[in-house]
Every structure is written in C-alpha cells, then in structure tokens.
Amino acid sequence: MPHHALEIALTRPLTSVELRHAAQTWPLAANHDTTRLIALASGKTPERAAHRLRRRLTAQLPIDVITTHYPDAHGQVLLNVAFPPSIHTALKRNARHAGLTPDRYLRQALHRTLAEHDNREAHRLDDAVRQLLAHTTPAHLLSAVGHALTWPQKGPEL
C-alpha cells in the first residue's frame with residue numbers, strides 16, 4: 001500500500017507534552033513553532049490516508065486542516081477539512097439545491113473564490129503600477145523592479 005506525505009495545520013501551537021503524546025500514536029515531524037506537522041500515512045488513495053490520520057489523531061490534536069504535502073500529477077493538493085455538523089448540513093442542502101454532490105459543490109465554490117481572489121490581486125497590482133508610472137518612466141520602473149527582484153527580501157505581509 002502506498003504512503004502519502006500529509007501536512008497537518010493546527011488551530012494553535014502544541015505544547016511539548018502534547019506533541020510527545022501524539023507522536024507516540026503516530027510518528028510526526030513538527031515545524032519550529034509546532035503549528036504544522038508532517039506525517040506519513042498509508043492508504044490506497046491520499047483521501048483514505050488523510051481520513052485515517054484524522055480519525056487517529058483528532059482526539060489528541062487541535063487539527064484544522066490536513067493536506068497532501070506534495071501536489072498530485074495535475075498540480076492539485078488534497079484538502080481534508082472536518083466541518084461542524086451545522087456547516088455540513090448547510091453544505092449538503094446548498095449542494096442539493098445546486099444539483100451537485102457536496103464534494104463537487106465545495107470544489108466549485110473554492111475554485112470560484114480563488115479565481116475572485118486572483119482577479120482582485122491582479123487589479124490591485126494594475127492600480128499600483130499605474131500609480132508608480134504616474135511619477136516615473138517605464139524604463140525606470142522596470143529597472144527598479146529588476147533591482148528589487150535580485151535582492152533577497154521578506155515575503156508579502158498578509
């Protein structure tokens with residue numbers, strides 16, 4: 001049976017005791033602030049492996065999301081989320097009204113939301129470039145962008 005590398009995002013950092021206790025149940029590797037863990041889980045599919053991991057660790061860890069650590073052949077990452085019963089009921093109802101399965105409904109909603117985010121980000125960047133071009137030439141702006149990209153820097157502040 002294949003093994004799948006799964007990342008566990010936690011709702012809060014773990015104490016050293018919690019991490020040690022969970023690692024006795026399942027071998028885990030933690031990031032520096034114990035808000036994310038990596039585990040190897042066997043399963044015929046990544047979905048089954050994530051489901052098995054969640055079932056085994058939910059009582060011991062404040063699990064938020066489990067994802068596959070590596071994208072599949074199509075560049076997709078599995079997202080395993082456990083919804084509260086009220087959200088799950090609403091999701092099933094909305095999916096039924098849309099004539100879709102809950103999984104397909106959620107996938108479409110997620111794709112739509114990500115596309116809207118990309119669109120907003122593209123418009124924000126267009127506006128920022130226009131503002132910069134109002135005060136300089138395209139050649140100077142291009143030179144400044146090239147210079148900025150060659151220097152190490154922090155990622156964007158979210």
Side-chain angles (χ1 to χ4, degrees), residues 1-96 98 100-126 128 144-158:
M1 192 168 316
H3 284 78
H4 305 276
L6 301 173
E7 183 169 346
I8 305 167
L10 303 170
T11 59
R12 62 171 174 77
L14 295 180
T15 66
S16 57
V17 172
E18 288 173 317
L19 179 58
R20 208 170 26 255
H21 181 62
Q24 289 173 349
T25 302
W26 199 290
L28 301 166
N31 70 333
H32 71 284
D33 64 358
T34 65
T35 56
R36 291 192 324 263
L37 308 171
I38 292 288
L40 282 177
S42 62
K44 288 184 179 180
T45 65
E47 291 87 352
R48 286 185 179 184
H51 181 74
R52 182 171 172 247
L53 182 65
R54 183 179 287 279
R55 266 196 353 255
R56 187 70 81 66
L57 293 176
T58 291
Q60 297 173 14
L61 297 174
I63 297 174
D64 189 15
V65 177
I66 298 175
T67 64
T68 47
H69 188 63
Y70 301 106
D72 64 14
H74 305 289
Q76 306 241 329
V77 174
L78 171 73
L79 189 63
N80 177 289
V81 180
F83 293 113
S86 61
I87 299 296
H88 191 60
T89 300
L91 177 63
K92 287 188 337 189
R93 182 185 62 243
N94 292 345
R96 190 173 46 251
L100 300 169
T101 65
D103 184 54
R104 186 73 181 151
Y105 178 81
L106 192 57
R107 184 176 288 126
Q108 285 183 0
L110 184 58
H111 282 277
R112 186 173 47 252
T113 300
L114 290 173
E116 289 169 0
H117 172 76
D118 286 349
N119 194 25
R120 282 192 309 274
E121 182 67 3
H123 284 296
R124 185 188 68 77
L125 290 173
D126 285 346
V145 168
H147 181 61
L149 292 175
T150 60
W151 285 90
Q153 57 184 330
K154 293 183 191 175
E157 298 290 325
L158 299 178

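Side chains are part of it too, since the values below use all heavy atoms of this structure and drop only hydrogens, waters and symmetry mates. Computed from a predicted structure; not experimentally measured. Residues: numbered from 1 along the sequence shown.
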Output for pair (Tyr105 OH, Asn94 CG), nearest 0.5 Å, gives 4.0 Å
In this structure, CD1 of Ile87 is separated from NZ of Lys92 (nearest 0.5 Å) by 13.5 Å
Across all chains, not counting sequence neighbours, the side-chain hydrogen bond (donor to acceptor under 3.5 Å, both in side chains) partners of Thr35 are Asn31, Asp33
What one should report as the nearest heavy-atom pair of Leu10 and Thr34 is CD1-O, 3.4 Å
Q. Heavy-atom distance under 4.5 Å between the side chains of Leu6 and Asn80, does that happen here?
A. no
Residue set satisfying side-chain hydrogen bond (donor to acceptor under 3.5 Å, both in side chains) with His21, at least two apart, ordered chain then number -> none
For residues Thr45 and Leu78, determine if any side-chain heavy atom of one lies less than 4.5 Å from a side-chain heavy atom of the other. no
When every non-hydrogen atom of Ala49 is compared with those of His4, the smallest separation belongs to CB-CD2, 3.7 Å
The salt bridge (charged side-chain N to carboxylate O under 4.0 Å, His left out) partners of Glu47 (sequence neighbours excluded) come to none
Exercise for review: Would you indicate whether the side-chain heavy atoms of Val17 and Arg20 approach each other to under 4.5 Å?
Suggested key: yes
One should read off an interatomic distance between Ile66 CD1 and Arg52 CZ, to the nearest 0.5 angstrom, of 12.0 Å
Notebook entry, point to check: Side chains of Leu37 and Leu14: does their closest heavy-atom pair fall under 4.5 Å?
Noted result: yes
Sorted by chain and residue number, the salt bridge (charged side-chain N to carboxylate O under 4.0 Å, His left out) partners of Arg104 (sequence neighbours excluded) come out as none
In terms of heavy-atom contacts, Trp26 and Leu40 come closest through NE1-O, 3.0 Å
| message | Quick one, Ser42 and His3 - any side-chain contact, counting heavy atoms below 4.5 Å? | response | yes
His123 meets the side-chain hydrogen bond (donor to acceptor under 3.5 Å, both in side chains) criterion, sequence neighbours left out, with Asn119
Sorted by chain and number, sequence neighbours left out, side-chain hydrogen bond (donor to acceptor under 3.5 Å, both in side chains) with Gln108 holds for none
Between Glu18 and Pro13 the two heavy atoms that sit nearest each other are OE1-O, 4.3 Å
**Prompt:** Do the side chains of Leu53 and Ile63 get nearer than 4.5 Å, heavy atoms only?
**Reply:** no
Nearest heavy-atom approach of Glu121 to Arg124 is OE2-NH2, 2.7 Å
Nearest heavy-atom approach of Pro46 to Thr68 is CB-CG2, 3.6 Å
Value for CZ (Arg120) from CG (Leu125), rounded to nearest 0.5 Å, stands at 13.0 Å
| task | Can you establish whether the number of heavy atoms outside Arg48 located under 6.0 Å from its atom CZ is more than 12? | result | no
